[in-house]
Amino acid sequence: MKNQLHRRASLVALVAASALALTACATTTPAAESTDETTAGSGSGRVALTYDGGIVVLDSESLELAADIPVEGFNRLNAAGDGQNVFVTTTEGFQVLRAAGEPELTDLVFPATTAGHVVKHGDKTILFADGTGDSTIFDTAALLDSTTELPETETVASEAAHHGVAIELEDGTFLSTLGTSEGRSGVRALDSSRTEVLRSEDCPSVHGEGAAMNEIAVFGCSDGVLVYDDGAFTKITAPDAYGRTGNQYTSETSSITVGDYNADPDAEGVLLSQLVLTNTVAKTMQVVDMPEGVGYTWRDVVRGPEDEAYVLGSDGAVYELDVTTGEFTELVSVIDAWEGPVEWQDAHPALSILENTLYVTDPAADSVHAVDLATGAVVASAELPGAPIEIAVVPGK
């Protein structure tokens with residue numbers, strides 16, 4: 001099936017197949033005009049998207065509207081990890097959006113000064129507040145127990161406020177970034193009693209994290225990556241003097257992590273043309289080039305069901321990356337070519353995944369598309385009330 005999936009169709013055939021798929025699914029009606037909650041599939045997965053003025057929640061299969069919720073300002077989205085909820089980053093903290101069933105932006109808010117990263121790993125979810133450096137930890141499933149009260153939480157403070165991130169491993173080890181408002185330098189390890197047992201300050205501008213197979217944790221640095229494995233830190237130095245990795249795309253069944261990569265400290269904008277593959281067992285890294293003339297942003301990379309990576313290119317095509325060989329294969333062309341944003345908050349195409357379906361946003365057309373990985377075909381599309389910015393998907397169960 002993999003060989004068949006990777007076979008690149010001609011442009012004419014691709015357009016015809018996409019048009020046929022759209023007609024068969026009857027999803028060209030604007031999402032904002034659909035109000036049938038039952039048709040939208042209250043028990044199915046959901047796709048949440050922000051736009052200037054609100055959040056829309058769509059059925060993950062049909063992309064029909066389940067809710068259009070007015071929300072002001074720039075709001076980030078993160079799946080909560082429990083299969084049903086999404087965190088909306090607001091000025092008050094992390095607000096809970098019930099995406100499954102009948103969607104609702106609840107009054108439940110995990111307070112945070114300058115809410116930042118959300119990390120889900122094992123049975124825990126961790127919310128990092130940049131304004132204080134505090135990490136809020138809770139049992140992920142506990143958020144499903146009540147619609148009126150927040151679950152019990154634990155707070156772990158940083159040494160200083162900074163734009164950071166943290167993760168708790170299954171043995172209770174707590175890893176969190178080190179830094180101040182002036183800069184970031186590394187990662188510290190706390191045991192289950194929250195006593196520091198180890199630290200490394202060999203990760204300038206530390207940003208982003210991920211846990212690979214066997215809970216090997218990886219953090220991005222401006223000169224490579226920092227790996228935590230079996231109680232020890234290992235620095236893997238980038239092949240370039242400046243080789244920044246800011247985000248990690250991981251799979252718990254793969255020892256190879258995928259990171260965004262920038263070798264030019266003077267580069268303008270956020271469009272990138274290289275990725276880095278980190279072998280967390282061999283402690284090596286490989287920089288791979290995107291297809292010639294094609295860029296991407298951190299919003300355009302996801303890991304697939306077989307540990308591959310998918311990248312949405314600036315030419316409008318989705319590419320599959322074999323993480324063991326570093327080779328790209330074009331899967332399907334979905335949207336028109338696009339340019340990188342001036343500011344990272346600006347609306348630009350994004351990629352997300354739920355099981356065997358990829359979701360591609362198209363801000364230029366105020367729309368979103370669903371792509372079946374088994375066939376490479378666009379199987380559903382929806383028009384939105386505005387240009388989509390952030391996207392988060394949940395299985396609904």
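Only this structure's heavy atoms are used, side chains among them; waters, hydrogens and symmetry mates stay out.
Applying the disulfide bond (SG atoms under 2.5 Å apart) test to every pair with at least one member in residues 97-165, sequence neighbours left out, gives no pairs at all. Listed by first and then second residue, the disulfide bond (SG atoms under 2.5 Å apart) pairs involving residues 125-236 are Cys203-Cys221 (not counting sequence neighbours).
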Evaluate the criterion salt bridge (Lys or Arg N to Asp or Glu O under 4.0 Å) for residue pair Arg76 and Glu390; output intermediate values, then yes/no. CA-CA 6 Å; Arg76 306 209 68 182; Glu390 297 259 330; 3.0 Å; yes

Would Arg194 and Glu168 count as a salt bridge (Lys or Arg N to Asp or Glu O under 4.0 Å) here? Give the steps. CA-CA 11 Å; Arg194 304 316 183 210; Glu168 183 177 23; 2.9 Å; yes

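Under 4.0 Å is where a charged nitrogen must lie from a carboxylate oxygen, and between Arg244 and Asp260 no such pair does.
Between the side chains of Ser44 and Ser60, not a single donor N or O lies within less than 3.5 Å of an accepting N or O. With 3.5 Å as the limit, one finds a donor-acceptor pair spanning the side chains of Thr297 and His348. His369 and Ser381 share a side-chain donor-acceptor pair at under 3.5 Å. A donor-acceptor contact closer than 3.5 angstrom links the side chains of Asp68 and Tyr51. Side chains of Tyr310 and Asp300: no donor on one and acceptor on the other come within 3.5 Å. Using modelled atom types and a 3.5 Å distance limit, the side chains of Ser251 and Asp307 yield a donor-acceptor pair. Donor-acceptor pairing under 3.5 Å is lacking for the side chains of Ser200 and Asp202.
Remark: Asp52 CG is loosely packed, at most 12 non-hydrogen atoms of other residues, nucleotides or ligands lying under 6.0 Å away. Counting non-hydrogen atoms of neighbouring residues, nucleotides and ligands closer than 6.0 angstrom, the CG atom of Asp230 reaches no more than 12 such neighbours. Environment of CD in Glu92: sparse, with no more than 12 heavy atoms of neighbouring residues, nucleotides or ligands closer than 6.0 Å.
Residues Tyr261 and Pro239 have side chains in contact (heavy-atom distance under 4.5 Å, counting atoms from C-beta outward). At least one side-chain heavy atom of Leu354 sits under 4.5 Å from a side-chain heavy atom of Pro395. In this structure the side chain of Glu252 never reaches within 4.5 angstrom of the side chain of Arg303, judged on heavy atoms. Between Val187 and Phe233 there is a side-chain heavy-atom pair separated by less than 4.5 Å. Counting heavy atoms from C-beta on, the side chains of Thr250 and Val258 never come closer than 4.5 Å.
A search for salt bridge (charged side-chain N to carboxylate O under 4.0 Å, His left out) contacts involving Asp82 returns nothing, not counting sequence neighbours. Taking Glu201 as the reference, Arg199 meet the salt bridge (charged side-chain N to carboxylate O under 4.0 Å, His left out) condition, with sequence neighbours excluded.
Through direct or indirect side-chain contacts shorter than 4.5 Å among Ile, Leu, Val, Met, Phe, Trp and Tyr, Leu127 is connected to Phe87, Phe94, Val96, Leu108, Phe110, Val118, Phe138, Leu143, Leu150. Grouping Ile, Leu, Val, Met, Phe, Trp and Tyr by side-chain contacts under 4.5 Å, direct or through others, puts Val394 with Ile55, Val57, Ile69, Val71, Leu77, Val86, Val88, Leu97, Leu105.
Two rings, from Phe74 and Trp344, have their centers less than 6.0 Å apart. Under the 6.0 Å cut-off for aromatic ring centres, His117 and His207 qualify, their centroids lying closer than that.
Taking CG of Asp336 as the reference point, atom OG of Ser314 lies at 12.5 Å (rounded to 0.5 Å).
Here the rule is side chain to side chain donor-acceptor pair (under 3.5 Å) with His121, and of Glu215, Glu209, Glu170 only Glu215 fits it.
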